[in-house]
Amino acid sequence: MPWWSGLSIMWPPRAEHARADLAGAALVLLAMLAAWSGAGQVGFQFDDWNVIVDNPAVHDWETWRRFMPGIRPLLKASYVASWTTGGGHPAAFAWFNVAVHALNALVLLALLRALAPRIGLGAAGARWVPAACALLFALHPAQTEAVTYLSGRSVSLMALFCLAAVLLQAHAAGVRRAPALRLLSAVCFALALAVKEHAWAVPFALLLVERLDPAVSWRRAWLRTLPHWLVLAAMAVVVVQVPGFWRLVGASLDTRPLGVNLLTQVDGVWYLLTRPLLGLVLNIDPDLAVRTRWSAALALKAGVLAWLVWLAARAWRTAPWLGFALAWTFIWLLPTNSVLPRADVANDRQLYLALAGPALVLAGGLARVAPRGVALAVIAIAATCLLAVTASRNRDYASEVALWEATARLSPDKARVWNNLGWSYETAGRVEEARHAYDRALAIDPRDWKARTNRDLLDAAAGAD
């Protein structure tokens with residue numbers, strides 16, 4: 001029997017599980033098709049121009065090879081594939097992103113099905129909770145920034161390999177072919193790192209999975225994840241020799257002091273959990289201030305977040321589904337919302353992998369406290385609402401004007417938003433509206449050199465005419 005025959009355990013042989021998985025997968029795919037039915041009408045936005053449209057390294061394979069070695073090689077290879085197959089049309093990128101997101105939802109379903117006995121869902125909950133979580137994960141409108149925003153693919157494609165790595169590790173427990181599965185898991189981890197370096201959180205997620213078994217000690221959990229730590233160390237050795245990596249680190253450290261960043265990220269995590277996650281308020285450029293000192297409000301937010309971490313540890317043995325869900329959420333916020341500063345304090349796409357945690361909190365909680373019929377009705381209502389908001393949000397990505405008008409309504413006091421709105425108006429031929437937007441940006445921040453330059457060039461072009 002070949003070693004890869006162990007992969008057959010990824011699909012439960014029992015008929016009732018197979019039927020439930022098939023029905024859940026079909027429901028997720030149909031709902032996603034409804035939410036992203038207009039994916040072919042989206043356009044290039046914001047960073048898409050720099051990293052895709054105006055970047056010759058992702059327009060053909062020969063140029064891509066000349067730019068290697070470089071950072072995020074697999075991500076750039078995916079851009080080349082979309083550019084060459086679609087003739088540079090955004091629809092080719094959009095449908096690729098939607099397909100990746102659909103795969104992520106299906107892999108998450110398989111992962112939660114595999115973990116169901118270990119996180120205490122019970123026989124009844126195991127039949128529907130994984131599919132419910134996958135559905136909520138797939139339809140939440142916060143995911144649009146990693147799917148509909150074309151360069152947001154860096155997050156969703158990375159997530160595909162991250163979830164595959166965790167799924168393979170989960171299936172390795174107690175299986176005769178465990179070493180082969182763990183090796184494949186480590187390979188998936190390496191691929192995730194080749195998409196985006198933020199995948200470094202995978203070994204920590206794997207430790208969570210291993211520790212769900214009370215019989216597995218910390219020492220044994222570390223040994224079982226040793227291949228992944230070796231991959232991480234090897235990748236670090238390779239990456240530090242790439243000049244582009246040091247430019248990224250230097251830009252990060254120049255953004256703000258590390259201590260200030262930690263304070264600021266309390267606000268960032270709070271924003272993510274209360275606005276895009278719970279409030280369904282979607283903003284590609286939120287106006288979040290840098291926090292330089294403690295305040296009563298900031299201390300309260302930090303206290304609530306600390307309590308959630310404490311609750312995760314407390315519930316680990318008594319309600320493992322809750323402990324795992326909360327720990328999963330915070331682990332996947334670590335790469336973007338911890339020590340190293342980013343230019344943006346928070347973005348919706350940072351919730352992408354973390355969102356599986358809140359989905360499990362809701363579905364797992366309903367499985368515990370409500371009759372099945374009531375629980376499924378609540379999930380159906382929630383999914384319908386999420387689908388409607390996601391479909392509406394996707395329409396904002398049809399044009400740069402639509403996206404930045406929506407952003408200006410939510411961040412009316414941010415100069416960059418008005419400058420970007422002005423540029424979108426200008427490229428659409430709406431000159432007077434562009435001038436007004438640039439003036440608004442300069443009124444907010446007179447030192448905004450981009451808005452000043454765009455305003456001067458606009459006036460010069462008008463004078464020449």
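No experiment lies behind these values; they were computed from the predicted model shown. Computed over heavy atoms, backbone and side chain alike; hydrogens, waters and symmetry mates excluded.
Shortest non-hydrogen contact noted between Pro412 and Arg440 is O-NH2, 3.5 Å. Looking at every heavy atom in both residues, Leu360 comes nearest to Trp321 through CD2-O, 3.6 Å. Residues Ala92 and Gly86 share a closest heavy-atom pair of CB-CA, 3.6 Å. Of all the heavy atoms in Ala34 and Leu387, the pair that sits closest is CB-CD1, 4.0 Å. Counting all heavy atoms, side chain and backbone alike, Trp328 lies closest to Ala354 at CD1-O, 4.1 Å.
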Can you list, pair by pair, the side-chain donor-acceptor contacts under 3.5 Å of residues 280-289, counting residues two or more places apart and other chains?
| unit_1 | atom_1 | unit_2 | atom_2 | d |
| --- | --- | --- | --- | --- |
| Asn283 | OD1 | Asp285 | N | 2.9 |
| Asn283 | ND2 | Ser411 | OG | 2.8 |
| Asp285 | OD1 | Lys414 | NZ | 2.6 |
| Asp285 | OD1 | Arg416 | NH2 | 2.6 |
| Asp285 | OD2 | Arg416 | NE | 2.9 |
| Asp285 | OD2 | Arg416 | NH2 | 3.3 |

In residues 198-212, what donor-acceptor pairs under 3.5 Å come from side-chain atoms, sequence neighbours left out?
| unit_1 | atom_1 | unit_2 | atom_2 | d |
| --- | --- | --- | --- | --- |
| Glu210 | OE1 | Arg224 | NH1 | 2.9 |
| Glu210 | OE2 | Gln169 | NE2 | 3.0 |
| Arg211 | NH1 | Val216 | O | 2.7 |

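Salt-bridge check for Arg430 with Glu405: passed, with a basic side-chain N closer than 4.0 Å to an acidic carboxylate O. Salt bridge status for Glu197 with Arg72: present, with a side-chain N to carboxylate O gap under 4.0 Å.
One finds the OG1 atom of Thr407 at 10.5 Å from the CH2 atom of Trp418 (value rounded to the nearest 0.5 Å). We find the CG-CD1 distance between Leu362 and Ile379 to be 4.5 Å, quoted to the nearest 0.5 Å. Annotation: the span from Phe137 atom CZ to Leu351 atom CG amounts to 11.0 Å, rounded to 0.5 Å. Going from atom CE of Met32 over to atom OG of Ser37 covers 11.0 Å, rounded to the nearest 0.5 Å.
Ring centers of His101 and Phe96: at least 6.0 Å apart, outside the cut-off. For Trp423 and Tyr438, the distance between ring centers is not under 6.0 angstrom. Annotation: His140 is not in aromatic contact with Tyr352 [ring centroid separation under 6.0 Å not met].
At least one donor-acceptor pair closer than 3.5 Å links the side chain of Asp448 to the backbone N or O of Lys450. Tyr79 places no side-chain N or O within donor-acceptor distance of the main-chain N or O of Val53, the cut-off being under 3.5 Å.
Checking Thr225 against Arg182 by side-chain atom types alone, no donor-acceptor pair falls below 3.5 Å.
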